[in-house]
Student: 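One structure coming up, written as structure tokens, with questions to follow.
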Amino acid sequence: MNEQMRNLEPWQWPEEHWRNIVNHVRAGRSYRPQTWKDGARCAVALSFDSDHETNELRDGGKSFGRMSWGQYGNRVCVPRILKILERYGIRATFYVPAVAALIHPDEQRRIVAAGHEIGVHGWIHELNSVLPYEAERDLMLRSADTLEKITKVRPVGLRTPSWDFSPNTLAIEKEMGLVYDSSLMADEDCYEILLDGEETGIVEVPVEWVRDDAVYFMMLRFQSLRPYTPPRDVLDIFLREFDAAYEDGGLFQLTMHPHIIGYRSRIFILEEVIRHARSRPGVWFATHRDVAQYAKAHAT
Ligand SMILES: [Zn+2]
């Protein structure tokens, strides 16, 4: 933004200025296939953001209580989730900040060995939009390198921490040759992300706050944030999202966090979603990577 624009209030901006802002990162063509793999009518992409201790570290790392909550995600919740995925033979995607992967390298190797995907989720769960371009680029490249070093698999997708997308994020994703992003919400089905109106070939696997467990269950001791939706109601929302996606012949994408969904009183939500989806014919469970690649290759 140049100096002249900085002095203007948004209601004073000339049309060209707000159009440039809106068009910088924008949904382009739909990558929606007629049918999914093997003729399936609906794709289910489950994801788990394994933030673990980085949720506290990125804010300064002062609370050992909150860091123990992150460790609970590693000790109890990820194994619990992996057991359910294994029981139903389902592959999912885990987005892991590089620092969380360095603290828990065995967890990442176990996830990959079980056939799941690991995607980039920042270095220490930093917010991209407050970083200068050079720092954001450096952290994204180092994060991908770190995950590759630990798991021996190069990540092909990025979920920005907190779904926070800077004006530079898309250009860095393009430079990294990523197949897909999963941080934006312009649709319920996959689409191509445009950069200043130009095609990038990068697939968006769109997310949504209504399909995120954290929205309903987050709690902060010293702020007024408390869980306000009973677990059964959260399940109801997720099942309605799935049913409508199934009806549409589209994509059902879900975001969960091990340290949020993994509790004894909540893990049934994951299992019920899987059982419900599995009870319908023609449902393809896949990683975000496989959904992105299939959607792009078979878009009508
Ligand atoms: Zn996260």
Side-chain angles (χ1 to χ4, degrees), residues 45-61 63 66-78 80-82 92-105 107-108 111-112 116-131 135-136 139-140 142-144 146-147 150-151 155-166 169 172-173 178 180-185 204-220 223 225 227 234 238 253-263 266 269-270 287-289:
L46 304 177
S47 59
F48 303 90
D49 296 1
S50 303
D51 302 332
H52 297 341
E53 292 88 345
T54 63
N55 273 336
E56 180 60 14
L57 289 173
R58 66 113 183 254
D59 288 331
S63 166
R66 284 178 61 80
M67 280 187 275
S68 75
W69 184 27
Q71 196 176 10
Y72 171 73
N74 159 259
R75 289 168 70 93
V76 176
C77 303
V78 169
R80 193 169 274 162
I81 289 164
L82 288 176
T93 302
F94 292 74
Y95 295 98
V96 188
V99 167
L102 288 165
I103 297 171
H104 308 288
E107 176 186 286
Q108 314 322 318
I111 285 169
V112 167
H116 305 295
E117 175 195 6
I118 290 188
V120 179
H121 196 44
W123 178 257
I124 197 166
H125 215 281
E126 65 280 0
L127 293 179
N128 285 336
S129 64
V130 300
L131 295 177
E136 182 181 357
L139 291 173
M140 269 168 68
R142 271 202 287 146
S143 298
T146 301
L147 293 179
I150 290 170
T151 65
V156 299
L158 167 80
R159 171 165 294 161
T160 57
S162 306
W163 298 339
D164 180 58
F165 210 92
S166 90
T169 305
I172 299 169
E173 288 179 314
L178 295 184
Y180 77 94
D181 176 86
S182 186
S183 325
L184 300 171
M185 8 192 127
E204 178 61 38
V205 182
V207 293
E208 230 308 312
W209 295 110
V210 293
R211 297 188 310 272
D212 180 347
D213 60 352
V215 171
Y216 308 105
F217 293 134
M218 272 302 280
M219 138 99 195
L220 276 176
Q223 292 173 18
L225 185 65
V234 176
F238 291 170
Q253 183 280 340
L254 190 59
T255 299
M256 291 159 283
H257 300 74
H259 65 291
I260 294 173
I261 201 75
Y263 289 93
R266 295 178 184 164
I269 295 172
L270 170 64
T287 62
H288 284 49
R289 173 187 53 214

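Below, all heavy atoms of this structure are taken into account, side chains as well, without hydrogens, waters or symmetry copies. Whatever order the structure lists ligands and atoms in, that order sets their numbers, starting from 1.
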Student: Please enumerate all residues that pass salt bridge (Lys or Arg N to Asp or Glu O under 4.0 Å) together with R211, with sequence neighbours excluded.
Tutor: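 Partners of R211 under the salt bridge (Lys or Arg N to Asp or Glu O under 4.0 Å) test: E241.
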Student: What number of protein N, O or S atoms occur at distances under 2.8 Å from the Zn ion (ligand 1)?
Tutor: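 With waters ignored, the protein N/O/S count below 2.8 Å is 4.
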Student: Given the side-chain rings of Y95 and H288, with only the six-membered ring counted for Trp, is the space between their centroids under 6.0 Å?
Tutor: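 Judged by ring-centre distance (under 6.0 Å), Y95 and H288 do meet the cut-off.
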Student: Determine the interplanar angle of the Y216 and F238 rings, folded into 0 to 90°, and report it as parallel if under 30°, tilted if 30 to 60°, perpendicular if over 60°.
Tutor: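 Rings of Y216 and F238: perpendicular, as their planes differ by over 60°.
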Student: Once salt bridge (Lys or Arg N to Asp or Glu O under 4.0 Å) is applied, do any residues pair with E126, and if so which ones, sequence neighbours excluded?
Tutor: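 With neighbours one apart ignored, the set is empty.
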Student: If you count heavy atoms of other groups shown closer than 6.0 angstrom to CZ of R75, is the number above 12?
Tutor: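 Check fails, neighbour count at 12 or below.
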Student: Taking side-chain hydrogen bond (donor to acceptor under 3.5 Å, both in side chains) as the definition, give me every residue that meets it alongside H125, ordered by chain and number, with sequence neighbours left out.
Tutor: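 Checked H125 against side-chain hydrogen bond (donor to acceptor under 3.5 Å, both in side chains); matches are D51, R58, H121.
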